[in-house]
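It should be emphasised that the depicted structure is a prediction, and the values quoted were computed from it without experimental measurement. Residue numbering restarts at 1 for every chain, and letters A, B, ... go by the order of the sequence lines.
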2 protein chains.
Amino acid sequence: MSSAPNDHSLDMLICRLEIIATLSEEERAAIRSLPAKTRILNAGQDIVCDGDKPSQSCLILNGWACRYKLLGAGRRQILSFHIPGDIPDLHSLHIHTMDHSLAALKETTVVLIPHDSLRELTARFPGLAAILWRETLIDAAVFREWMTGMGRRTAYERMAHLFCELYLRLQAVGLAQSYHCVLPITQVDLADALGLSNVHVNRVLKEMREQNLVTLRGGSLTIEAWDELMRACEFDPAYRHLEKRAS
Amino acid sequence: MSSAPNDHSLDMLICRLEIIATLSEEERAAIRSLPAKTRILNAGQDIVCDGDKPSQSCLILNGWACRYKLLGAGRRQILSFHIPGDIPDLHSLHIHTMDHSLAALKETTVVLIPHDSLRELTARFPGLAAILWRETLIDAAVFREWMTGMGRRTAYERMAHLFCELYLRLQAVGLAQSYHCVLPITQVDLADALGLSNVHVNRVLKEMREQNLVTLRGGSLTIEAWDELMRACEFDPAYRHLEKRAS
DNA sequence: CGGCATGTTGAATCTAATCAATCCACGTGG
DNA sequence: CCACGTGGATTGATTAGATTCAACATGCCG
C-alpha cells in the first residue's frame, strides 16, 4: 500500500462518471482532490471479504476483479466482473457489512477512497450523490439481467450475453477494439459466473469456436461474428442505462 | 385513480424506513406531507412496463406485486416479490427507463409519489436521501442472493430459501405470525421466480409437504418446521441488511 | 525437471424440462 | 340446478441438458 502522489488516478473516476452524466468543473475538482491510496493486488487476492465492514471503497485503476459468494460444499457464485473505472464496492458506503467478497482476477491496481471523504463529497455536491447513487442502480440493473439469464436463458445464450456485455464495457473504457480484447477469466470462473459446470462451459466454448462466433483462448477473446452473437442471445444494451443526462 | 385525502397512507413508508434507520420528527413530517395519489389495481395488472419512463414511484399499501422481465419464446423471469411497505420502483428516480415491468399479483393498492417531490425531499434532507439510497442497495443485495440461488442452489434449496425470505419479510410488516401467512403466488409464478418449470415446482412442493416442512395450498403458506427449513437452504438473514443505524 | 493450474475429451449419470393428460375448485350462464 | 369453461394443480412418460467422474494434454513457473 503506497500513499499516492495523486498524479491523476482519480481522472479515471471522472471519466467514468462522465459516461452517464455531465460534471461541472467544481465537481471534477472535488473528485480530483479526494484522498486516495493506491494498492496493488496479486491475482486471486481478496480485496474485501464477506462479513467485512470496510471504511473505504475501491476504484479499479487497472486489472480485473470479480465479486462472489461462497456456499456450502465448495460452491461459488460469481456475481459480477469488474474492469478499470468500476467501483465494485461503492454500495458499502451505505450498507455496512459486506454480503459477498471482492477479489482480483489478475494483478490489479486499485485506489482506495475513504467513506468519510465520499460522504463529505456527496453532502457538498448533491448532484454527485445522485450520480453515484445512479451508478449503484445500474449495478443492480446488471444483476437483474444476469438473473434473467440464469433463470431463463440456455447455457449458450448466457455465455453469448456475457461476452457481449464484457466487450461493450471494455470498449467504453478503451480496452477493446476491432472485436478483440483481453479476458483473464478461466473456464472455471466462467462456470461460476454463469451457473454452469466447468465441463459444460468448455463444450459451449468449443461449439462457439466451431461456429466461428467467438474464440476465447489464452486469456483473450476474439469475436468473429458480432451481429450473430448479439442475435443469438437477444442482446439489448439498454439494461446498462448509458443514456447521458445532465443530472 | 383517486386524489387522496392523505389520511395516513404515508405512515406505511415511515414505518418501513424506521426498520433500517431512525428518523427525526422533521423528516417524518416531510414524508407525511408528500403529495400522493392512491390507485387500486386488479390482479395481473401492470403498474409500470418495461420501457416506460415513469415520473413517479409507487409505495405498496396492501396487496402483492412482482417485477419481471420477458424474453423471446414466452419466457419470463420474476425478479422479486413485493409486499406492503415496499417501493418496488424507487430506482426509477435515478434510472429513467424501466428495464423490466411491475405487476400486481392480486388486487393491490399503491400510493404514487411524484419523482419531483422525492427529489425535493432528498435535497432538503440528505439523511433521507441516504436512507432511500440504502433501500435500493438492499434491493440489490437481495438480487445477489437470488442470483447465487439460481446459479448454485438446487431447486429444493432455492424454494426453501424463498419461503424463508418471504416469511421474514411478511413478519416484519405484521402480515405473518406463528409460521403461517398468505402467499397469493401460483406455482407458475414460483417457477418463473426460481428459474424452474411449473411441473418441477409442483414436485418439489409435494416433496416438502410430504416431509412436513412447508405446505403451500390455496394461496396460503404454512411452515411446519422452520429450523429445518432454514437449515435445508443454509439461510442467513444477514443479506437483507436490517441492522439499524442512526443515519 | 517436476508440479500445478488450466483446458480438453469421453462416458455414465442424474436433474429438471418437456409433452401430454387429467383433475379439481370455482364461477358463470342457461 | 346443472353444464360448461377456466385457471391452477397434479401425475406419468420421455427427453434434453448439464453434471460428475475420470483420464489425459498443455503450458507455465520455480
Side-chain angles (χ1 to χ4, degrees), chain A residues 42-45 64 66 71 73-78 103-107 149-160 182-210 214-222 232-233, chain B residues 42-45 64 66 71 73-78 103-107 149-160 162 182-210 214-222 232:
Chain A
N42 297 321
Q45 200 177 342
W64 277 76
C66 74
L71 271 61
R75 292 174 292 183
R76 178 178 69 147
Q77 176 66 45
I78 289 182
L105 285 167
K106 54 181 283 194
E107 186 171 291
M150 301 222 288
R152 287 294 177 237
R153 275 194 254 260
T154 64
Y156 190 95
E157 293 169 322
R158 255 178 274 178
M159 185 105 65
V182 169
L183 242 206
I185 300 178
T186 68
Q187 294 185 1
V188 173
D189 294 334
L190 268 182
D192 285 341
L194 300 172
L196 303 168
S197 73
N198 55 346
V199 175
H200 198 59
V201 163
N202 185 279
R203 290 189 173 126
V204 173
L205 282 174
K206 182 185 176 184
E207 193 186 346
M208 289 183 160
R209 208 183 311 129
E210 284 169 356
V214 302
T215 304
L216 178 63
R217 186 178 295 281
S220 89
L221 176 77
T222 307
C233 58
Chain B
N42 296 322
Q45 200 177 342
W64 277 76
C66 74
L71 270 61
R75 293 175 290 183
R76 177 178 69 148
Q77 177 67 45
I78 289 182
L105 285 166
K106 55 180 282 193
E107 186 171 291
M150 300 222 288
R152 287 295 177 236
R153 276 193 254 260
T154 64
Y156 189 96
E157 294 169 322
R158 254 178 274 178
M159 186 105 68
L162 179 60
V182 169
L183 243 207
I185 301 178
T186 68
Q187 294 186 0
V188 172
D189 293 335
L190 268 181
D192 284 342
L194 300 172
L196 302 168
S197 71
N198 56 344
V199 175
H200 198 58
V201 163
N202 185 276
R203 291 190 172 125
V204 173
L205 282 175
K206 182 185 176 186
E207 193 186 347
M208 290 183 159
R209 209 184 308 130
E210 284 169 356
V214 302
T215 304
L216 178 63
R217 186 179 294 282
S220 89
L221 176 77
T222 307

Are A:Val204 and A:His200 packed together at the side-chain level, in the sense that at least one heavy-atom pair is separated by less than 4.5 angstrom? yes
So do B:Arg153 and A:Leu71 actually touch side chain to side chain, heavy atoms under 4.5 Å? yes
How many whole angstroms separate atom [atom1] of [X] from atom [atom2] of [N]?
X: A:Asp192; N: D:dT19; atom1: CG; atom2: P; value: 11 Å
X: A:Leu194; N: D:dT19; atom1: CG; atom2: C1'; value: 15 Å
X: B:Leu196; N: D:dG17; atom1: CG; atom2: C1'; value: 14 Å
X: B:Met159; N: C:dT15; atom1: CE; atom2: C1'; value: 14 Å
X: A:Glu210; N: C:dT8; atom1: CD; atom2: C1'; value: 12 Å
X: A:Arg209; N: C:dG7; atom1: CZ; atom2: C1'; value: 9 Å
X: A:Leu216; N: C:dG7; atom1: CG; atom2: C1'; value: 11 Å
X: B:Asp189; N: D:dA9; atom1: CG; atom2: C1'; value: 13 Å

What heavy-atom pair brings [X] and [Y] nearest, and what distance separates the two atoms?
X: A:Val201; Y: A:Met159; result: O-CE, 3.8 Å
X: A:Lys106; Y: A:Pro184; result: CD-CG, 3.5 Å
X: A:Gln187; Y: A:Asn202; result: OE1-ND2, 2.9 Å

At 4.0 Å (heavy atoms only), tell me whether [X] reaches a base, stays on the sugar-phosphate, or touches nothing.
X: B:Thr186; result: sugar-phosphate
X: A:Gly44; result: nothing
X: A:Leu205; result: nothing
X: B:Gly195; result: sugar-phosphate

Distance-only donor-acceptor test (3.5 Å): side chain A:Arg203, base C:dG10: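 Donor-acceptor pair under 3.5 Å: yes.
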Can you tell me if [X] touches the phosphate of [N], counting only side-chain N or O atoms and a distance under 4.0 Å to OP1 or OP2?
X: B:Asn202; N: D:dT10; result: yes
X: B:Lys206; N: D:dT10; result: no
X: B:Arg153; N: C:dT15; result: no

What's the closest nucleotide to the B:Val199 side chain, out of C:dT6, D:dA9, D:dG12? D:dG12
